[in-house]
Undergrad: 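Below is the structure I would like to discuss, written out as C-alpha coordinates.
Reminder, nothing fancy here: chain letters follow the sequence lines and each chain counts from 1. When reading the values below, keep in mind they use all heavy atoms of this one structure, side chains included, and skip hydrogens, waters and symmetry mates.
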Amino acid sequence: MLWYLKNFNIFDNFSESDLESFTKYLRAEEFDKGETILIPHDSERHVYFLMKGKVKVFHIDEDGREIILVILREGEIFGLLAVIEEYSNPLVVALEECLVGYMHESDFQNLMEEKPELCFTIYKYIGKRLITIENRLDELLFQDIPTRLARLLLRLSREYPRERDCGVQIDLRLTQQEIADLIGASREATSAALNPFKRNGWLELHQRYICLHNSEALQELA
DNA sequence: ACATTAATACGGT
DNA sequence: ACCGTATTAATGT
(Lines give C-alpha, C1' and ligand atoms only; values in the text may rest on other atoms or scores of the structure.)
Protein backbone atom coordinates (compact mmCIF):
# COMPACT_ATOMS: atom_id res chain seq x y z
CA MET A 1 0.00 0.00 0.00
CA LEU A 2 2.76 2.37 1.02
CA TRP A 3 4.65 1.47 -2.12
CA TYR A 4 1.74 2.59 -4.26
CA LEU A 5 1.33 5.88 -2.41
CA LYS A 6 4.90 6.82 -3.22
CA ASN A 7 3.90 6.96 -6.88
CA PHE A 8 1.49 9.81 -6.20
CA ASN A 9 3.01 13.16 -7.16
CA ILE A 10 0.70 14.71 -4.63
CA PHE A 11 2.71 13.12 -1.85
CA ASP A 12 6.12 14.09 -3.20
CA ASN A 13 7.11 16.15 -0.19
CA PHE A 14 5.57 13.86 2.37
CA SER A 15 7.74 11.82 4.67
CA GLU A 16 7.59 8.07 4.95
CA SER A 17 5.88 8.37 8.32
CA ASP A 18 3.29 10.78 6.93
CA LEU A 19 2.40 8.22 4.31
CA GLU A 20 2.44 5.53 6.94
CA SER A 21 -0.28 7.37 8.87
CA PHE A 22 -2.14 7.81 5.62
CA THR A 23 -2.34 4.10 4.98
CA LYS A 24 -4.10 3.58 8.31
CA TYR A 25 -7.27 5.05 6.81
CA LEU A 26 -6.84 3.56 3.39
CA ARG A 27 -8.65 0.46 2.13
CA ALA A 28 -8.10 -1.03 -1.30
CA GLU A 29 -10.24 -2.85 -3.81
CA GLU A 30 -9.64 -4.37 -7.23
CA PHE A 31 -11.86 -3.76 -10.23
CA ASP A 32 -12.07 -5.57 -13.55
CA LYS A 33 -12.25 -3.80 -16.89
CA GLY A 34 -15.68 -2.29 -17.35
CA GLU A 35 -16.62 -2.35 -13.66
CA THR A 36 -18.10 0.76 -12.08
CA ILE A 37 -15.95 2.18 -9.31
CA LEU A 38 -18.03 5.18 -8.37
CA ILE A 39 -21.61 6.11 -9.12
CA PRO A 40 -23.14 9.55 -8.56
CA HIS A 41 -24.83 10.26 -5.24
CA ASP A 42 -22.94 7.53 -3.48
CA SER A 43 -24.12 7.94 0.10
CA GLU A 44 -20.75 6.80 1.46
CA ARG A 45 -18.36 9.59 0.57
CA HIS A 46 -14.82 8.61 -0.13
CA VAL A 47 -11.71 10.00 -1.69
CA TYR A 48 -10.25 7.56 -4.19
CA PHE A 49 -6.61 6.91 -5.02
CA LEU A 50 -5.98 5.17 -8.30
CA MET A 51 -3.03 2.94 -7.52
CA LYS A 52 -3.02 0.81 -10.64
CA GLY A 53 -4.82 0.90 -14.00
CA LYS A 54 -6.82 3.49 -15.89
CA VAL A 55 -10.35 4.79 -15.49
CA LYS A 56 -12.72 7.01 -17.41
CA VAL A 57 -14.62 9.75 -15.62
CA PHE A 58 -17.83 10.70 -17.41
CA HIS A 59 -21.35 12.05 -17.31
CA ILE A 60 -24.37 10.63 -19.07
CA ASP A 61 -26.58 13.19 -20.78
CA GLU A 62 -30.37 13.11 -21.04
CA ASP A 63 -30.21 11.00 -24.23
CA GLY A 64 -27.99 8.43 -22.59
CA ARG A 65 -24.80 9.53 -24.33
CA GLU A 66 -21.57 9.47 -22.41
CA ILE A 67 -19.40 12.53 -22.16
CA ILE A 68 -15.92 11.61 -20.97
CA LEU A 69 -14.44 14.39 -18.86
CA VAL A 70 -11.06 12.86 -18.31
CA ILE A 71 -9.14 9.61 -18.32
CA LEU A 72 -7.08 9.02 -15.21
CA ARG A 73 -4.17 6.69 -14.56
CA GLU A 74 -2.22 5.41 -11.59
CA GLY A 75 -1.17 8.19 -9.22
CA GLU A 76 -4.33 10.25 -9.65
CA ILE A 77 -7.17 11.04 -7.29
CA PHE A 78 -10.91 11.25 -7.79
CA GLY A 79 -14.10 11.73 -5.81
CA LEU A 80 -12.80 14.93 -4.24
CA LEU A 81 -15.67 17.08 -5.41
CA ALA A 82 -18.27 14.83 -3.83
CA VAL A 83 -18.08 17.14 -0.81
CA ILE A 84 -19.90 19.78 -2.81
CA GLU A 85 -23.60 19.05 -2.48
CA GLU A 86 -24.66 20.79 -5.68
CA TYR A 87 -22.16 18.93 -7.78
CA SER A 88 -23.61 15.95 -9.60
CA ASN A 89 -20.79 13.52 -9.51
CA PRO A 90 -19.64 11.81 -12.63
CA LEU A 91 -19.41 8.06 -13.01
CA VAL A 92 -16.06 6.33 -12.85
CA VAL A 93 -15.54 3.07 -14.73
CA ALA A 94 -12.39 0.95 -15.02
CA LEU A 95 -10.85 0.88 -18.51
CA GLU A 96 -8.62 -2.02 -17.49
CA GLU A 97 -7.86 -3.95 -14.32
CA CYS A 98 -7.52 -1.44 -11.53
CA LEU A 99 -6.45 -1.26 -7.94
CA VAL A 100 -8.19 1.55 -6.12
CA GLY A 101 -7.46 2.82 -2.64
CA TYR A 102 -10.11 4.82 -0.83
CA MET A 103 -10.70 6.47 2.51
CA HIS A 104 -13.61 8.18 4.18
CA GLU A 105 -13.97 11.81 3.32
CA SER A 106 -13.96 12.61 7.03
CA ASP A 107 -10.62 10.88 7.52
CA PHE A 108 -9.21 12.76 4.58
CA GLN A 109 -10.47 16.01 6.07
CA ASN A 110 -8.81 15.22 9.36
CA LEU A 111 -5.56 14.54 7.59
CA MET A 112 -5.81 17.86 5.79
CA GLU A 113 -6.32 19.63 9.09
CA GLU A 114 -3.27 17.92 10.53
CA LYS A 115 -1.18 18.69 7.48
CA PRO A 116 -2.06 22.04 5.93
CA GLU A 117 0.41 21.42 3.07
CA LEU A 118 -1.94 18.72 1.95
CA CYS A 119 -4.71 21.31 1.51
CA PHE A 120 -2.49 23.40 -0.68
CA THR A 121 -1.40 20.41 -2.73
CA ILE A 122 -4.98 19.34 -3.27
CA TYR A 123 -5.95 22.90 -4.13
CA LYS A 124 -3.30 22.95 -6.84
CA TYR A 125 -4.29 19.50 -8.04
CA ILE A 126 -7.94 20.46 -8.47
CA GLY A 127 -6.88 23.70 -10.18
CA LYS A 128 -4.83 21.78 -12.71
CA ARG A 129 -7.70 19.48 -13.49
CA LEU A 130 -9.96 22.50 -13.98
CA ILE A 131 -7.51 24.08 -16.39
CA THR A 132 -7.25 20.98 -18.55
CA ILE A 133 -11.02 20.77 -18.81
CA GLU A 134 -11.31 24.49 -19.61
CA ASN A 135 -8.75 24.08 -22.36
CA ARG A 136 -10.73 21.31 -23.92
CA LEU A 137 -13.94 23.32 -23.84
CA ASP A 138 -13.15 25.82 -26.59
CA GLU A 139 -11.70 23.01 -28.66
CA LEU A 140 -14.97 21.14 -28.50
CA LEU A 141 -17.02 24.21 -29.30
CA PHE A 142 -15.06 25.65 -32.20
CA GLN A 143 -13.26 22.91 -34.08
CA ASP A 144 -14.56 20.37 -36.57
CA ILE A 145 -14.47 16.66 -35.90
CA PRO A 146 -11.28 15.72 -37.79
CA THR A 147 -9.44 18.52 -35.97
CA ARG A 148 -10.82 17.46 -32.61
CA LEU A 149 -9.85 13.88 -33.34
CA ALA A 150 -6.33 14.83 -34.45
CA ARG A 151 -5.82 16.90 -31.31
CA LEU A 152 -7.14 14.17 -29.08
CA LEU A 153 -4.84 11.58 -30.62
CA LEU A 154 -1.83 13.86 -30.29
CA ARG A 155 -2.68 14.64 -26.71
CA LEU A 156 -3.20 11.01 -25.79
CA SER A 157 0.03 10.02 -27.50
CA ARG A 158 1.83 12.58 -25.35
CA GLU A 159 0.08 11.56 -22.14
CA TYR A 160 0.05 7.80 -22.64
CA PRO A 161 2.95 7.05 -24.96
CA ARG A 162 4.30 3.63 -25.71
CA GLU A 163 7.22 3.77 -28.07
CA ARG A 164 7.30 1.26 -30.93
CA ASP A 165 9.58 0.92 -33.94
CA CYS A 166 6.75 2.07 -36.23
CA GLY A 167 5.75 5.10 -34.15
CA VAL A 168 4.13 6.11 -30.88
CA GLN A 169 1.31 3.94 -29.69
CA ILE A 170 -1.37 5.28 -27.39
CA ASP A 171 -1.31 3.03 -24.37
CA LEU A 172 -5.10 2.93 -23.99
CA ARG A 173 -7.40 0.38 -25.53
CA LEU A 174 -10.26 2.65 -26.48
CA THR A 175 -13.24 1.81 -28.65
CA GLN A 176 -14.38 4.26 -31.29
CA GLN A 177 -17.40 4.92 -29.11
CA GLU A 178 -15.10 6.00 -26.29
CA ILE A 179 -13.09 8.19 -28.64
CA ALA A 180 -16.36 9.73 -29.79
CA ASP A 181 -17.32 10.36 -26.14
CA LEU A 182 -14.02 12.17 -25.66
CA ILE A 183 -14.47 14.56 -28.59
CA GLY A 184 -18.22 15.07 -28.40
CA ALA A 185 -18.96 13.35 -31.70
CA SER A 186 -21.08 10.42 -32.80
CA ARG A 187 -19.44 7.05 -33.22
CA GLU A 188 -20.17 7.13 -36.96
CA ALA A 189 -18.56 10.53 -37.43
CA THR A 190 -15.57 9.36 -35.46
CA SER A 191 -15.17 6.30 -37.63
CA ALA A 192 -15.51 8.45 -40.75
CA ALA A 193 -12.84 10.85 -39.48
CA LEU A 194 -10.46 8.13 -38.36
CA ASN A 195 -10.40 6.14 -41.59
CA PRO A 196 -8.83 8.82 -43.81
CA PHE A 197 -6.05 9.11 -41.20
CA LYS A 198 -5.54 5.39 -41.51
CA ARG A 199 -5.58 5.45 -45.33
CA ASN A 200 -3.00 8.24 -45.40
CA GLY A 201 -0.75 6.07 -43.31
CA TRP A 202 -0.75 8.58 -40.47
CA LEU A 203 -1.73 5.91 -38.00
CA GLU A 204 -2.38 2.21 -37.69
CA LEU A 205 -4.32 -0.01 -35.33
CA HIS A 206 -2.72 -3.01 -33.73
CA GLN A 207 -5.15 -5.01 -31.62
CA ARG A 208 -7.23 -1.89 -31.08
CA TYR A 209 -4.33 0.18 -29.91
CA ILE A 210 -3.82 3.27 -32.02
CA CYS A 211 -0.25 3.82 -33.18
CA LEU A 212 0.70 7.19 -34.68
CA HIS A 213 3.08 6.94 -37.62
CA ASN A 214 2.96 10.54 -38.74
CA SER A 215 2.34 12.94 -35.87
CA GLU A 216 3.53 15.85 -38.02
CA ALA A 217 0.66 15.45 -40.47
CA LEU A 218 -1.82 15.30 -37.60
CA GLN A 219 -0.16 18.31 -36.03
CA GLU A 220 -0.72 20.28 -39.19
CA LEU A 221 -4.39 19.43 -39.29
CA ALA A 222 -4.77 20.44 -35.66
C1' DA B 1 -29.68 0.64 -39.79
C1' DC B 2 -27.30 -2.91 -41.60
C1' DA B 3 -23.35 -5.93 -43.19
C1' DT B 4 -18.79 -7.12 -42.14
C1' DT B 5 -15.02 -8.08 -39.19
C1' DA B 6 -12.74 -8.51 -34.85
C1' DA B 7 -12.70 -10.07 -30.10
C1' DT B 8 -14.16 -12.89 -26.59
C1' DA B 9 -16.41 -16.82 -24.35
C1' DC B 10 -17.19 -21.46 -24.35
C1' DG B 11 -16.61 -26.29 -24.70
C1' DG B 12 -14.04 -30.41 -25.82
C1' DT B 13 -9.96 -32.66 -25.72
C1' DA C 1 -3.28 -25.42 -21.86
C1' DC C 2 -4.73 -25.44 -26.62
C1' DC C 3 -7.66 -25.33 -30.41
C1' DG C 4 -12.00 -24.66 -33.08
C1' DT C 5 -16.34 -22.77 -32.95
C1' DA C 6 -20.34 -20.02 -31.23
C1' DT C 7 -21.62 -15.64 -29.50
C1' DT C 8 -21.10 -10.90 -28.74
C1' DA C 9 -18.92 -6.48 -29.59
C1' DA C 10 -16.88 -3.13 -32.58
C1' DT C 11 -16.46 -1.14 -36.93
C1' DG C 12 -17.36 0.77 -41.77
C1' DT C 13 -20.54 2.64 -44.78
Undergrad: The side chain of A/Thr175 lies closest to which of these nucleotides: C/dG12, C/dT11, C/dT13?
TA: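 The answer is C/dT11.
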Undergrad: How many Å lie between CD on A/Glu178 and C1' on C/dA9, as a whole number?
TA: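 After rounding, the reported distance stands at 12 Å.
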Undergrad: Expressed as a whole number of angstroms, how long is the span from A/Leu205:CG to B/dA7:C1'?
TA: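 After rounding, the reported distance stands at 14 Å.
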Undergrad: Nearest whole angstrom, please: distance from the C1' of C/dA10 to the NZ of A/Lys198.
TA: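 The distance from NZ of A/Lys198 to C1' of C/dA10 comes to 11 Å, rounded to the nearest Å.
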Undergrad: Apply salt bridge (charged side-chain N to carboxylate O under 4.0 Å, His left out) to A/Arg65 and A/Asp181, showing your working.
TA: CA-CA 8 Å; A/Arg65 287 181 298 233; A/Asp181 297 341; over 6 Å; no
Undergrad: Does A/Arg45 have more than 12 heavy atoms from other residues, nucleotides or ligands lying within 6.0 Å of its CZ?
TA: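 Yes - once you tally the heavy atoms of other residues, nucleotides and ligands closer than 6.0 Å, there are more than 12.
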Undergrad: Please give, in whole Å, the distance from C/dA9 P to A/Lys33 NZ?
TA: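 Whole-Å distance recorded here is 12 Å.
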Undergrad: In whole angstrom, give the distance that lies between atom CD of A/Gln176 and atom C1' of C/dG12.
TA: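 Going from A/Gln176 (CD) to C/dG12 (C1'), I get 8 Å.
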Undergrad: Nearest whole Å is fine: how far is C/dA9 C1' from A/Gln177 CD?
TA: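 Taking atom C1' of C/dA9 as the reference, CD of A/Gln177 is at 12 Å.
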Undergrad: Quick check on DNA chain B: between A/Arg187 and A/Arg173, whose nearest nucleotide comes earlier from the 5' end?
TA: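 That would be A/Arg187.
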Undergrad: Starting at the 5' end of DNA chain B, which residue's closest nucleotide do you reach first, A/Glu188 or A/His206?
TA: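 Upstream on the strand: A/Glu188.
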Undergrad: So which of A/Leu152, A/Leu182, A/Ile68 actually passes side-chain contact (heavy atoms from CB on, under 4.5 Å) with A/Leu174?
TA: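 That would be A/Leu182; it is the only one of A/Leu152, A/Leu182, A/Ile68 passing the side-chain contact (heavy atoms from CB on, under 4.5 Å) with A/Leu174.
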Undergrad: Without decimals, in angstroms, what is the distance between A/Asp181 CG and C/dT11 C1'?
TA: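 A/Asp181 atom CG is separated from C/dT11 atom C1' by 15 Å.
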Undergrad: A/Ile170 and A/Tyr209: side-chain contact (heavy atoms from CB on, under 4.5 Å), yes or no, with the steps?
TA: CA-CA 6 Å; A/Ile170 296 170; A/Tyr209 287 93; over 6 Å; no
Undergrad: Given C/dT13, is OP1 or OP2 found less than 4.0 Å from the side-chain N or O atoms of A/Asn195?
TA: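 So the side-chain polar atoms of A/Asn195 do come within 4.0 Å of the phosphate oxygens OP1 or OP2 of C/dT13, strictly under.
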Undergrad: What is the distance from CD of A/Gln207 to C1' of B/dA7, rounded to the nearest Å?
TA: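 Answer to the nearest Å: 11 Å.
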